[in-house]
Amino acid sequence: MDGGNLGIIALIPMLSFFVFAFITRRCVFSILLSGILGFLFYYGADFFEPTVQALLDAACDADNNYIVIICLLFGCFVQLLRQSNGATAMANWARKYVKSERQVLFLTWLCGVIIFIDDYLSILVTANTILSIADEKKTPREMLCYIINTTSAPVCLIIPISAWVVFSAASSPSSLKLPCWATRPWVFTIPSCRTSSTRFCACCSCCS
């Protein structure tokens, strides 16, 4: 089979991830299995060496290592929060005011707004603080996860002193020097640039 033209078979590794995840309930293991399955379809019987090489390339990539280190440091911070009973103290304080499931969700949203420095940090700290209260009030964890995830990254992107804002500034049209037709959809999402054509062209900086 030609690895460059798999057709609909290329969807099998992606679908297999969901199957493995539901069966094993282990996300990392499921990703690894579906990735190996993708290499098997692409390279056939000679899949082993490309698979190992891809893993080595990913492990040696500087950007990947940076993300791993950041996640480990966040994990250390959260563990410190647990061991110092900081999350427990915050939860005990919140119990005085939170009396219903709706109030639990509101407090979750409020924590996501207050902790805006980084989306990873917001998710970890908010989850460790609210989880015990949410279980007491029988709040569905699915709803809790939805509130946490839909609050963390958007708030980090709105407040101008967060990691996401720096990333967005580096990815702006002026930084990437993209042509006007490529920047129009991006600029149009900015409310201040959408109010008038003059502002739109000024923000685009290449329409004049």
Side-chain angles (χ1 to χ4, degrees), residues 14 17-18 20-22 24-31 63-64 66-173 175 183 185-195 199-200 203:
M14 180 189 67
F17 163 74
F18 295 101
F20 293 146
F22 277 113
T24 64
R25 298 185 181 276
R26 297 171 61 185
C27 183
V28 176
F29 180 71
S30 301
I31 291 175
D63 293 333
N64 291 341
Y66 171 79
I67 294 174
V68 170
I69 291 173
I70 291 295
C71 291
L72 289 175
L73 291 175
F74 279 151
C76 293
F77 176 79
V78 171
Q79 187 62 24
L80 178 63
L81 189 66
R82 287 179 176 176
Q83 295 296 328
S84 64
N85 292 326
T88 303
M90 294 176 64
N92 290 336
W93 173 82
R95 282 189 179 91
K96 301 177 183 178
Y97 306 98
V98 176
K99 304 300 182 183
S100 65
E101 178 183 328
R102 180 172 296 183
Q103 291 177 344
V104 170
L105 296 177
F106 175 76
L107 181 61
T108 305
W109 174 84
L110 187 62
C111 288
V113 173
I114 294 174
I115 307 171
F116 57 83
I117 298 300
D118 187 88
D119 54 337
Y120 290 175
L121 184 64
S122 175
I123 292 172
L124 292 171
V125 174
T126 302
N128 281 275
T129 303
I130 304 297
L131 188 59
S132 60
I133 306 176
D135 289 342
E136 290 177 6
K137 303 302 179 183
K138 298 182 179 180
T139 304
R141 290 199 174 185
E142 294 81 2
M143 179 60 71
L144 194 68
C145 292
Y146 174 78
I147 297 294
I148 292 175
N149 282 281
T150 54
T151 305
S152 57
V155 170
C156 290
L157 192 59
I158 292 172
I159 298 178
I161 50 173
S162 65
W164 266 107
V165 171
V166 176
F167 172 79
S168 298
S171 304
S172 64
S175 300
T183 62
W186 186 87
V187 175
F188 193 71
T189 61
I190 304 174
S192 60
C193 297
R194 198 168 58 237
T195 54
R199 291 182 181 178
F200 181 86
C203 290

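Note: hydrogens, waters and symmetry copies are ignored here, and every other heavy atom, side chains too, is used.
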Residues two or more places apart in sequence or in another chain: which of them pass side-chain contact (heavy atoms from CB on, under 4.5 Å) with Leu73? Ile69

Enumerate the side chain to side chain donor-acceptor pair (under 3.5 Å) contacts for residues 100-117, please, sequence neighbours excluded, ordered by first and then second residue. none

Phe22: ring-ring contact (aromatic ring centres under 6.0 Å, His included) partners, not counting sequence neighbours: none

Please enumerate all residues that pass side-chain contact (heavy atoms from CB on, under 4.5 Å) together with Cys145, with sequence neighbours excluded. Asn149

Residues that Arg26 engages under salt bridge (charged side-chain N to carboxylate O under 4.0 Å, His left out), provided they are two or more places apart: none

Testing Thr126, Val125, Ile148, Thr151 for side-chain contact (heavy atoms from CB on, under 4.5 Å) with Cys111, which one passes? Thr126

Looking at residues at least two apart in the chain, or sitting in another chain, which of them share a side-chain contact (heavy atoms from CB on, under 4.5 Å) with Ile70? Tyr66, Phe74

For residues 81-102, which residue pairs qualify under ring-ring contact (aromatic ring centres under 6.0 Å, His included), counting only residues two or more places apart or in two chains? Trp93-Tyr97

Taken in chain and number order and not counting sequence neighbours, the residues that satisfy side-chain hydrogen bond (donor to acceptor under 3.5 Å, both in side chains) with Glu136 are Arg95

Show me the pairs that pass salt bridge (Lys or Arg N to Asp or Glu O under 4.0 Å) and involve residues 141-156, at least two apart or across chains. Asp135-Arg141

Can you list the residues that meet the side-chain contact (heavy atoms from CB on, under 4.5 Å) rule with Met143, with sequence neighbours excluded? Leu105, Pro140, Tyr146, Ile147

The side-chain hydrogen bond (donor to acceptor under 3.5 Å, both in side chains) partners of Ser30 (sequence neighbours excluded) come to Thr24

